[in-house]
Amino acid sequence: MRRTQMLVLAGLAAGALASTAFAQPSAPAPAAPATAPSAAPVDSRAVVAEVRRIIAERYVLPERRRVLDAALAASLAAGRYNTSDPALLAARINEDLERAGHDRHLNFNFNPRQAAMMAAGRGTGPGTGPAQPSPAAFEARMRAANYGVSELRNLPGNVRYLAYDGFMWTGPESAAALDTAMRFLAGGDAVIIDLRRNGGGSPEAVQYMISHFLPAGRPLVTFYMNGRPEPEGLSTLSELPAARMVGKPLYVLISGGTGSAAEEFTGHVGGYHLGELVGERTSGAGFRNEVVPVAGQFLLSVSVGRAVLASTGRDWEAVGHAPTIPTSIEAALDTAHVLALRRIAAGAPEADRGRLAAMADGIEARGQGRAPALPLAAYAGSYGERVVSVDAGRLYLKRGARARAALIALGGNVFTLESDPATRLTFQVDGASAASFEVGAAGGPSQGHFDRTG
């Protein structure tokens, strides 16, 4: 399969994307201003004609080409496109494509900056091939985004967390970033991969990452590309610098912002039952697309291929993937962390189970917003060198010159440390306020008793 490049960084327009790969599904175009004084007047009829030609030649579903063309033709005849303002024209065309196509990858934008990035690419006529973004600009943006790897964290209980915001692929540089991330994840007792902000990217990045969770040679996906006689198939890689994690507890966080190539990864996890999908249904952007420059500094993203998962025999266009553990987007991380800790605890030595269960309870309490027995101010005060304070509706503990630590209410007069949810702080109350507190591991003896001094 030929190599492709893809840029899927939130806030970057589709013009930074290379062709025939998954692109980030575009949000509806914002309402255009009445005038665009910095833009040259545009020949709207010529622009519409070019959009109609590209769709007629390239759109993935032949039966939908007629519907899209009819929508554009009707608006043209009605005078809806009678404007010399390119931003307004683009917004109206995009609205019509969205209404007629219901396709997250089909969109039209006026974007001088991204159009300029692609100006050095090849033309859009038959046989000339798709335009490509400037390699230097593309690589610079990839590097600035760390090839999609935005955060690595070791959560309490040795649960390893990766926030991955785009399946960005440039070859060895992207592979090196993913290798670092995969080695980090492999050291955990469970893995959480956060795709809630991941709008998509390159199938090759998906192949590289999912290969760490499946045996070598496992079929992944088949692409049926418009205009190509034979489908393209991908399987898991046989060699990986980092260790495979087949069977390791895996939790993937998803949302309506999880789109395209990120949905392919989600589909492999769900279809092969590799782990839990936690959050909300994904966006349903299942086609592959090309980004085509249109004269006048416009960009048309047009769907040109269909992806079918080997694990299910289906695509996910317009339906997305449902979570196996439904929860709000905001609660997804805590939910996955609690599930991971309880699964780890189930297989841990008996001496460790209580600590892990206490961690799970502490993290669960944060999401539940449990109320303490007294108002927070009743616990605030000085306890020797330790100071308990209230800030913005939360309780904090600070010792001497050390950084303060947030507390989580577990109910009654018991709290835990957000940074160490296996620890318990139990306040002793005298009347309407706390008189002292004790610190210790959950279920264990007190490791310190501290009386209020102020």
Side-chain angles (χ1 to χ4, degrees), residues 11-17 19 23-119 121-126 128 130-131 226-227 259 283-285 287-304 317-318:
L12 298 182
L17 308 178
S19 63
Q24 182 176 20
S26 295
T35 59
S38 61
V42 64
D43 183 346
S44 62
R45 298 188 71 87
V47 171
V48 175
E50 180 65 1
V51 171
R52 294 173 68 183
R53 180 190 70 78
I54 294 168
I55 290 173
E57 290 179 357
R58 303 191 188 187
Y59 192 75
V60 60
L61 301 178
E63 66 275 13
R64 197 179 291 178
R65 295 176 188 175
R66 295 187 294 272
V67 175
L68 293 167
D69 188 75
L72 295 171
S75 288
L76 184 66
R80 176 168 159 78
Y81 303 144
N82 290 348
T83 176
S84 60
D85 178 353
L88 181 59
L89 175 63
R92 290 177 175 175
I93 292 175
N94 195 63
E95 289 169 0
D96 292 342
L97 291 176
E98 184 179 77
R99 183 172 57 251
H102 305 288
D103 180 343
R104 297 292 303 278
H105 281 118
L106 179 64
N107 55 81
F108 187 69
N109 294 282
F110 174 64
N111 196 320
R113 181 185 179 196
Q114 302 299 341
M117 287 177 60
M118 301 184 75
R122 290 177 287 173
T124 60
T128 61
N226 178 38
S283 68
F287 290 149
R288 288 179 69 181
N289 69 318
E290 287 181 355
V291 177
V292 185
V294 173
Q297 299 181 314
F298 297 99
L299 295 171
L300 173 65
S301 172
V302 57
S303 299
V304 297
E317 176 64 24

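Scope of the values below: all heavy atoms of this structure, side chains included, with no hydrogens, waters or symmetry mates.
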Under 3.5 Å: donor-acceptor pair, side chain of Ser301, backbone of Asn107: no

Nearest-0.5 Å distance, CG of residue Leu300 to CD1 of residue Ile93: 9.0 Å

Leu61 CG to Phe287 CZ distance, which is reported to the nearest 0.5 Å: 4.0 Å

Nearest-0.5 Å distance that lies between atom CD in Glu63 and atom CZ in Arg65: 9.0 Å

Nearest-0.5 Å distance, CD of residue Gln297 to CG of residue Asn109: 13.0 Å

N/O donor-acceptor pair under 3.5 Å between Arg80 side chain and Arg92 backbone: yes

Arg66 bridged to Asp69 by N-O distance under 4.0 Å: no

Leu97 and Leu72: CA distance, side-chain angles, deciding distance, side chain to side chain contact (heavy atoms under 4.5 Å, CB included) verdict: CA-CA 8 Å; Leu97 291 176; Leu72 295 171; 4.1 Å; yes

Non-hydrogen atoms of Gly259 and Ser283 that approach each other most closely: CA-OG, 3.2 Å

Exam field: side chain Ser44 to backbone Tyr81, donor-acceptor pair closer than 3.5 Å: yes

Nearest atoms (heavy-atom pairs only) where Asp85 meets Ala87: OD1-N, 3.1 Å

Side-chain touch Leu76/Arg52, heavy atoms, less than 4.5 angstrom: yes

Side chains of Val294 and Phe108 in contact at under 4.5 Å (non-hydrogen atoms): yes

Student check: side-chain heavy atoms of Leu68 and Asp103 closer than 4.5 Å: no

Taking every non-hydrogen atom, the tightest pair across Glu57 and Arg53: OE1-NH1, 2.8 Å

Any donor-acceptor N/O pair, Arg58 side chain to Asn226 backbone, under 3.5 Å: no

For Tyr59, all residues meeting ring pair (Phe, Tyr, Trp, His ring centres under 6.0 Å), sequence neighbours excluded: none

Rounded distance [0.5 Å steps], CZ in Phe110 versus CG in Asn94: 14.0 Å

CZ on Arg104 to CD on Glu98, rounded to 0.5 Å: 8.5 Å

Heavy-atom donor-acceptor pair, His105 side chain to Asn289 backbone, under 3.5 Å: no

